[in-house]
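Shown next, in structure tokens, is the structure this report addresses.
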Amino acid sequence: MKIIVCIKQVPATTQVKINPETNTLVREGVESIINPYDAYAIEEGVRLRERCGGTVTVLTMGPPQAETALREAISLGADEAVLLSDRAFAGSDTWATSYTLAQGIKKIGDFDLIVCGKQAIDGDTAQVGPGIAEFLDIPFVAYIRKIEEIDDSLLRVERLMDEGYEVIESKLPALITVVKEINEPRLPSLRGKLNAKKAEITSWNLKDLGVTEDSVGLPASPTKVVKIFTPPPRGSGETLTGSTPEIVDKLVAQLKQDRVV
Amino acid sequence: MSIKVLAEKCIACEVCIPACPYGAISIEGEVAVIGDECTLCGSCVEVCATEAIMIIDEREAKGDLSSYRGVWIFAEQRRGQVSSVAYELLGEGRKLADKLGQPLAAVLLGNNVQEAAQQLIYYGADEVYLADDPVLEDFHDDSYAQVLTELINEYKPNIVLTGATAIGRSFIPKVAVKLHTGLTADCTQLEINPESKLLEQTRPAFGGNIMATILCPYNRPQMATVRHKVMKQAVCDKSRKGKIITKEIDAGKLTLRTRLIELVEEITDTVNLTEADIIVSGGRGLGKPENFKLIEDLAKVLGGAVGASRPTVDAGWIPYSHQVGQTGKTVCPKLYIACGISGAIQHLAGMQSSDVIVAINTDPEAPIFNVATYGIVGDLFDIVPALTQRFKEVLG
Amino acid sequence: MDYFLTEEQQMIRDLARQIAQEKIVPVRAELDEKEEFPWEIMKVLAESDMCGLYIPEVYGGMGGGCFELCLATEEISRACGGVAVCYAASGLGTYPILLFGNEAQKQKYLPDIASGKKLAAFGLTESEAGSDAGGIQTTAVADGDHYVLNGTKQWITNGGEADTYTVVAMTDKVKGSRGASTFIVEKGWEGFSFGKKEKKMGIRCSSTTELIFRNCRVPKENLLAREGMGFIVAMKTLDCTRPGIGAQAVGIAQGALDEALSYARRRVQFGKPISSFQAIQHMLADMATQIEAARALVYATARHVDSGARNVSKVSAMCKLFAADMCMKVTTDAVQILGGYGYMREYPVEKMMRDAKITQIYEGTNQIQRNVIALQLIKESASK
């Protein structure tokens with residue numbers, strides 16, 4: 001079974017803060033990590049290979065440093081890694097990212113299953129997985145919490161829905177996105193880390209993918225970010241006073257305004 | 001298409017360096033240089049005081065965008081029942097449609113859902129595009145994406161809104177890809193720009209640490225998903241009239257590559273503490289174990305989890321699995337309501353990174369107030385039940 | 001400080017730290033409370049290739065030595081001294097095979113230990129033979145192609161949990177310490193059983209039991225080295241493993257300093273964080289200095305051992321002695337800095353102080369270490 005896992009390198013977001021005075025992102029000391037949801041995807045890919053044989057190829061699109069994430073994926077058990085990197089890919093929104101990754105997957109070729117995390121923690125869009133499936137014209141099932149059965153041509157999974165779960169059968173090849181309930185990712189092994197250090201990472205640019213400059217990156221992205229700003233700062237220690245009904249009114253109004261209820 | 005630093009304007013002030021979320025900028029000589037790590041996010045353009053950085057955007061509209069008219073909302077239904085998020089979309093869609101002077105329509109896919117279509121009109125839809133066929137009984141990405149795409153191609157709406165639900169987030173990205181248009185996920189605010197008439201879509205990014213406003217200037221329709229409970233529901237008016245436009249489905253033409261075997265509904269009483277978006281916690285101020293009922297009631301109304309301080313767990317009022325703090329769980333919910341908790345250092349260690357903290361305590365000197373977003377000096381036995389009652393009314 | 005670790009050594013340290021943070025810290029209090037052997041964590045360590053760091057690659061290990069084992073032990077100890085001893089004691093049980101085993105013995109026993117499939121343990125101490133190993137009562141009597149073992153070993157770390165035991169028994173009592181021999185004994189053999197699990201002050205998740213031999217027949221091929229070499233096997237083993245106790249002590253102390261520092265910065269008294277008071281600052285400074293000094297000595301000693309140097313008893317004893325006394329002092333001071341909170345089980349420093357105490361006692365009390373050091377000093381001086 002040939003499995004492709006798509007991953008993204010993201011900043012560890014809890015550490016990304018905005019400096020309220022300058023309104024700029026404070027990124028000192030922010031490390032880059034594998035998107036946590038993608039770690040479940042890697043683990044599931046590796047488990048499937050351990051169960052059915054085959055290979056796990058990890059794929060990412062990003063700047064040259066994204067190689068670190070690919071090496072980490074190898075230390076966690078992936079066999080091969082491919083990096084799609086080109087200045088022309090900059091400014092990609094989810095449409096262009098899906099397109100570029102789909103081209104990478106076509107070039108890898110001959111796959112049975114593509115596994116992605118349900119979303120990335122920096123953008124939280126959950127759009128790239130289904131987008132890739134659409135470009136490849138293969139079936140797609142989101143939010144998988146369990147792979148019940150898999151053989152050469154059929155996949156039976158549990159899809160987490162808002163009110164419970166559905167058991168879905170899909171033809172292969174297919175693309176699935178996984179939720180954290182699916183497994184507990186292992187820690188890397190020392191041998192895995194040593195392998196990862198030595199591993200050769202395949203790197204493909206625009207030319208390697210054989211696509212035109214205006215079909216990727218910003219030119220191919222329908223959306224445009226026009227403003228980035230800090231959400232209204234957290235009120236520090238506001239005391240609510242009055243009679244009980246007054247207090248309750250104020251609090252409910254505040255919480256609604258803060259969009260936490 | 002590129003980002004450019006205008007050397008004559010750049011004063012090497014380095015403001016852009018920390019602003020770049022990707023660490024792509026360095027100063028070489030006396031001018032900022034942007035490296036390959038750049039994703040053209042524009043953060044540096046925002047902060048540059050001398051307007052020395054510019055993104056040159058040569059994108060332009062493809063085709064005649066003015067032929068796209070109307071605001072559509074996707075009306076999600078499960079077994080004939082329209083989800084409440086659809087009514088929220090109608091509420092928001094109505095505002096946008098009025099600002100544009102364009103009609104508001106709902107798209108309804110399902111099997112035997114005519115009644116639901118009528119319902120959507122009561123809630124403000126001028127038109128309902130109805131695809132009613134046994135093949136659409138269950139949700140499948142393939143069929144739903146194909147039918148919606150065909151409808152959009154046929155009727156060319158200007159805006160399409162969908163709930164950011166499991167279903168919406170699953171199939172809408174496929175529709176956007178098919179149409180080669182933009183899609184903005186999880187919007188918390190939608191506005192029509194009074195001049196350009198474009199849809200300004202604002203959403204949180206980086207785990208809510210920053211907000212981004214996004215446009216889709218050159219492609220149509222402009223598509224967005226909206227999270228449940230963010231927008232206000234439309235009001236039902238049974239005198240409203242509207243048009244139902246039926247879309248005939250040729251089931252044979254639909255590609256269906258997935259099959260639903262079983263649907264299992266799961267309603268869990270206990271919410272996992274560390275994963276919960278809302279936590280209501282009780283402390284020694286509750287006085288006795290039975291009073292945790294007050295905390296549970298409030299948590300239930302809010303769909304949140306129940307937390308507890310160490311003394312209550314030690315006293316055996318509630319199991320250890322509920323303990324928040326140094327030796328309990330570390331939590332980071334959107335909302336943390338501390339009731340009768342003084343805020344000892346070991347408790348604060350487990351909860352102080354919550355987005356919003358509400359503290360209710362009789363002692364105005366209690367340390368919990370130092371970390372509270374909203375502090376209430378008062379008797380929890382008055383305030384908590386009143387809050388529960390109030391939320392019951394507000395949240396239905 | 002930069003100890004010029006190789007890339008692989010850095011990986012070992014980082015991975016051990018990750019395991020400690022993610023897998024051990026969340027459960028250490030519970031393991032201590034329940035006195036439960038940390039099998040889950042042993043499994044993680046095995047899957048991460050941590051169990052064979054010091055075992056040659058031909059036997060499935062990673063091909064490192066005492067230093068690599070020390071790096072991992074230190075990081076694990078920083079989170080939990082109890083888990084660390086479960087891990088390191090397997091090394092103690094393995095070193096006799098590594099140092100004195102013949103090819104067949106190595107091939108039979110080392111791969112399963114290297115992969116973490118099996119744990120090892122070392123059986124030397126008895127009720128009448130603690131610091132005075134000459135008092136060993138357990139006997140091994142040759143009988144055809146077997147030895148028959150009788151006697152009881154006491155306070156054996158990993159007792160009952162390990163599969164492979166290296167046990168010292170008297171083959172010739174008349175010869176005293178020259179009459180001891182070492183055997184490899186497998187769990188499950190007839191006549192080999194375990195006594196009750198001891199209740200301890202610290203390192204409570206680790207298992208400490210008696211090993212009871214009643215006419216236990218051990219095949220002759222399981223004799224390590226030769227008859228009468230038992231004490232030499234034991235002493236050479238301890239020479240190699242004492243830096244590991246040193247590393248454990250450094251780790252526990254570092255963990256305590258981490259806690260004390262973070263507490264001192266948060267804890268506000270008289271309107272200021274207590275870290276702004278010089279009394280606290282000086283304690284923190286002393287703690288950090290002592291830890292660094294012990295670490296430097298432990299690392300230098302472990303590297304010395306790995307270099308193949310012949311006589312390492314003195315430095316090996318020095319590093320264990322210094323690190324263990326340091327650890328007791330630092331953990332006690334950490335409890336002091338946390339004050340009342342430090343004395344409560346709510347915070348981890350109380351456990352660290354309990355865990356620290358054993359490092360002054362096992363693998364030779366610190367008094368015995370001083371004897372070893374002094375004896376060697378006098379010997380060296382006399383031979384000049």
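Naming: A, B, ... by sequence-line order, numbering from 1 per chain.
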What part of [X] is in contact with chain B, defined as an atom under 4.5 angstrom from a non-hydrogen atom: side chain, backbone, both or neither?
| X | answer |
| --- | --- |
| A:Lys256 | side chain |
| A:Gln65 | side chain |
| A:Ser221 | both |
| A:Thr125 | both |
| A:Asp86 | neither |
| A:Lys118 | neither |

Quick one: which of [options] has the most heavy-atom pairs under 4.5 Å with chain B, could you say?
| options | answer |
| --- | --- |
| A:Pro139, A:Gly242, A:Ser170 | A:Pro139 |
| A:Pro64, A:Pro130, A:Pro63 | A:Pro130 |
| A:Asp93, A:Leu251, A:Val141 | A:Leu251 |
| A:Ala90, A:Ser98, A:Ala120 | A:Ala90 |
| A:Thr94, A:Ile132, A:Val226 | A:Val226 |

query = How close do B:Glu46 and A:Lys227 get, heavy atom to heavy atom, and via which atoms?
reply = OE2-CA, 4.2 Å
ask   = At their closest point, which heavy atom of B:Ser170 faces which heavy atom of A:Ala142, and how far apart are they?
value =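 Distance-wise, the nearest heavy atoms are OG-CB, 3.7 Å.
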Taking every heavy-atom pair that is under 4.5 Å apart, which of [options] has the most such pairs with chain A?
| options | result |
| --- | --- |
| B:Ala359, B:Cys44, B:Gly182 | B:Gly182 |
| B:Thr188, B:Thr225, B:Val175 | B:Thr188 |
| B:Leu215, B:Leu335, B:Thr202, B:Leu263 | B:Leu215 |
| B:Gln222, B:Lys334, B:Lys174 | B:Lys174 |
| B:Gly35, B:Gly378, B:Pro364, B:Ala164 | B:Gly35 |

By a 4.5 Å heavy-atom criterion (distance strictly below it), what part of [X] contacts chain A: side chain, backbone, both, or neither?
| X | value |
| --- | --- |
| B:Ile360 | neither |
| B:Ala386 | both |
| B:Val358 | side chain |
| B:Thr184 | both |
| B:Asp382 | both |

Worked check of side-chain contact (heavy atoms from CB on, under 4.5 Å) between B:Ile167 and A:Met161 = CA-CA 8 Å; B:Ile167 289 179; A:Met161 299 299 277; 3.5 Å; yes
Within this structure, what is the [atom1]-[atom2] distance for the pair [X] and [Y], rounded to the nearest 0.5 Å?
| X | Y | atom1 | atom2 | result |
| --- | --- | --- | --- | --- |
| B:Ile376 | A:Ile247 | CD1 | CD1 | 5.5 Å |
| B:Asp138 | A:Glu166 | CG | CD | 7.0 Å |
| A:Asp124 | B:Asp186 | CG | CG | 7.0 Å |
| A:Ile168 | B:Phe139 | CD1 | CZ | 8.5 Å |
| B:Arg257 | A:Phe140 | CZ | CZ | 12.0 Å |
| A:Thr223 | B:Arg59 | OG1 | CZ | 7.0 Å |

Is there a side-chain contact between [X] and [Y] (heavy atoms, below 4.5 Å)?
| X | Y | result |
| --- | --- | --- |
| A:Leu218 | B:Ile55 | yes |
| A:Thr239 | B:Phe369 | no |
| B:Tyr218 | A:Lys224 | yes |
| B:Asn219 | A:Trp95 | no |
| A:Gln127 | B:Ile172 | no |
| A:Asp249 | B:Arg390 | yes |
| A:Val248 | B:Gln389 | no |

ask   = Does CD belonging to A:Glu181 count more than 12 external heavy atoms closer than 6.0 Å?
value =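 Counting neighbours around CD of A:Glu181, more than 12 heavy atoms of other residues, nucleotides or ligands fall under 6.0 Å, so yes.
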message = Can you confirm whether more than 12 heavy atoms, excluding those of A:Lys171, are under 6.0 Å from its NZ atom?
response = no
inquiry  = Determine whether a donor-acceptor pair (N or O, by modelled atom type, separation under 3.5 Å) exists between the side chain of A:Arg87 and the backbone of B:Cys38.
reply    = no
key: Residues in side-chain contact (heavy atoms from CB on, under 4.5 Å) contact with A:Ala126, at least two apart in sequence or another chain   = A:Gln119, B:Arg169
inquiry  = According to side-chain hydrogen bond (donor to acceptor under 3.5 Å, both in side chains), who are the partners of A:Thr60, at least two apart in sequence or on a separate chain?
reply    = none
task = Name, in order of residue number, those residues of residues 152-159 of chain A that have a heavy atom at a distance of less than 4.5 Å from a heavy atom in chain B; otherwise write 'none'.
result =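 Against chain B, the residues of residues 152-159 of chain A that fall inside the cut-off (heavy atoms, under 4.5 Å) are A:Arg156, A:Arg159.
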query = Who are the ring pair (Phe, Tyr, Trp, His ring centres under 6.0 Å) partners of A:Tyr37, not counting sequence neighbours?
reply =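 Here no residue qualifies.
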